[in-house]
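Positions are given from 1, in the same order as the sequence printed here.
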Amino acid sequence: MMRITAGALAVALPVVTAVVASHPARAEAGACSADIYSALRKPAPEKAKPVEIACDLTLAKTDAITRPIAFSGSAASGATLDCNGGTLDGRTAKARTVWIRSVRRADGTWDAPRDVHIRNCIIEGDVRIEGLGSNGQAEEVRLSSLEAGHTARAQAAAPSGITLDDITFVASGGIPLYAAPGVTEMTVENSRFTGSTNGTAIYLDAESARNRIIGNMFDIRTARREMIAVDGSADNRIEGNIFENPIKGGIFVYRNCGEGGTIRHQKPERNVITGNTFRYTNFWAARPAVWLGSRQATSTYCFSRPDRPFGSSLSPYDYAQYNVVTGNRLPGGRPGLIVDHDEHNTV
């Protein structure tokens, strides 16, 4: 494959050393108080603050919760929210519907939630899982990326072991499920993605890893993008899902090469994409169902810094390698919708 040298970035970036403390998850959480349930059921004003959940809660099937919900820090570890078929709708509050987030301590270390379970819900709006920052361009993410060891720091600081089971995601323009940098061991299973989005259905951001997307239905309209973005994310398993007419793309595996001044360290490798079905009603204008190496230094924000010789600063290419793409079906499509633009993959 031909390699191109990216231009150097003119603006000097400061050096930062991040320190992350790791804390064990709680084995289980206690039941929520009546006060928590009462607070959730109140109508949400615009820009309402989230109700913090650090306990186990089961809703009524008739509940339509408009208050945003947050699981923050290790206090929320082990918590379970069972909607029992009820609805979480963050659109009125114009906020994240569900926010699973790490919190920063006074000494600069991060306190991350582990093993949070959410099931049997209709979620209108979006779910965000965040550690160092909300996305790859967040300032704490950018500063950490300027030093070696960024992947380990991002993963230690981010939520881990989050399970989303039997969820109906109803997108209303935004990305319904976003796993921000460093999220690990997330499981999304037995769920359905509906509505429409200007982005993707699921975004696995840089330095995330070992996530599982298993047995879901993607019946969602993506206006411009693929349904699942695997962006600098490694060791994930995407298996047994159904993608309805993914004209704008199915699963793209790549690495952003410097967007927002952030160096992406981890390569999108060792991902397993197997046993999925991509169903087409018209494939003639379709982008690939699976595309390994979908960017390959074509983005205008790529940059190289000789004083930071690692990750996308060392090379802007995707390095979407050692991935496995097998056993997928393309009814109504054609084999050419599986595209490998990198090396050492099993397709």
Strictly by modelled atom types, are Asp35 and Ser38 linked by a side-chain donor-acceptor pair under 3.5 Å? no
Does NZ or CZ of Arg41 come closer than 6.0 Å to the centre of the six-membered ring of Tyr37, within 45° of the ring's axis? yes
Before you tell me yes or no, could you show the steps for Asn120 and Asn84 under side chain to side chain donor-acceptor pair (under 3.5 Å), namely the whole-Å CA-CA distance, both residues' side-chain angles and the distance that decides it to 0.1 Å? CA-CA 5 Å; Asn120 305 325; Asn84 193 30; 5.8 Å; no
Apply the side chain to side chain contact (heavy atoms under 4.5 Å, CB included) test between Ile228 and each candidate in Phe243, Phe252, Tyr203; give the one that qualifies. Phe243
Quick one: pull up OG1 in Thr200 and CD1 in Ile251 and give me the separation to the nearest 0.5 Å. 12.0 Å
Just by distance, with hydrogens left out, do Glu207 and Thr151 show a side-chain donor and acceptor under 3.5 Å apart? yes
Residues Asp126 and Ala95: closest non-hydrogen pair is OD1-O, 4.0 Å
Between the side chains of Asp342 and Tyr317, is a donor N or O closer than 3.5 angstrom to an acceptor N or O? no
Is the cationic atom of Arg295 (NZ for Lys, CZ for Arg) positioned less than 6.0 Å from the six-membered ring centroid of Tyr254 and within 45 degrees of its normal? yes
Over 60° means perpendicular and under 30° means parallel, so tell me whether Phe193 and Phe169 are parallel, tilted or perpendicular. parallel
Asn345 pairs by side chain to side chain contact (heavy atoms under 4.5 Å, CB included) with which of Val325, Leu292, Val324? Leu292
Please lay out, stage by stage, how Glu130 and Asn135 fare under the test side chain to side chain donor-acceptor pair (under 3.5 Å). CA-CA 8 Å; Glu130 300 177 8; Asn135 57 36; over 6 Å; no
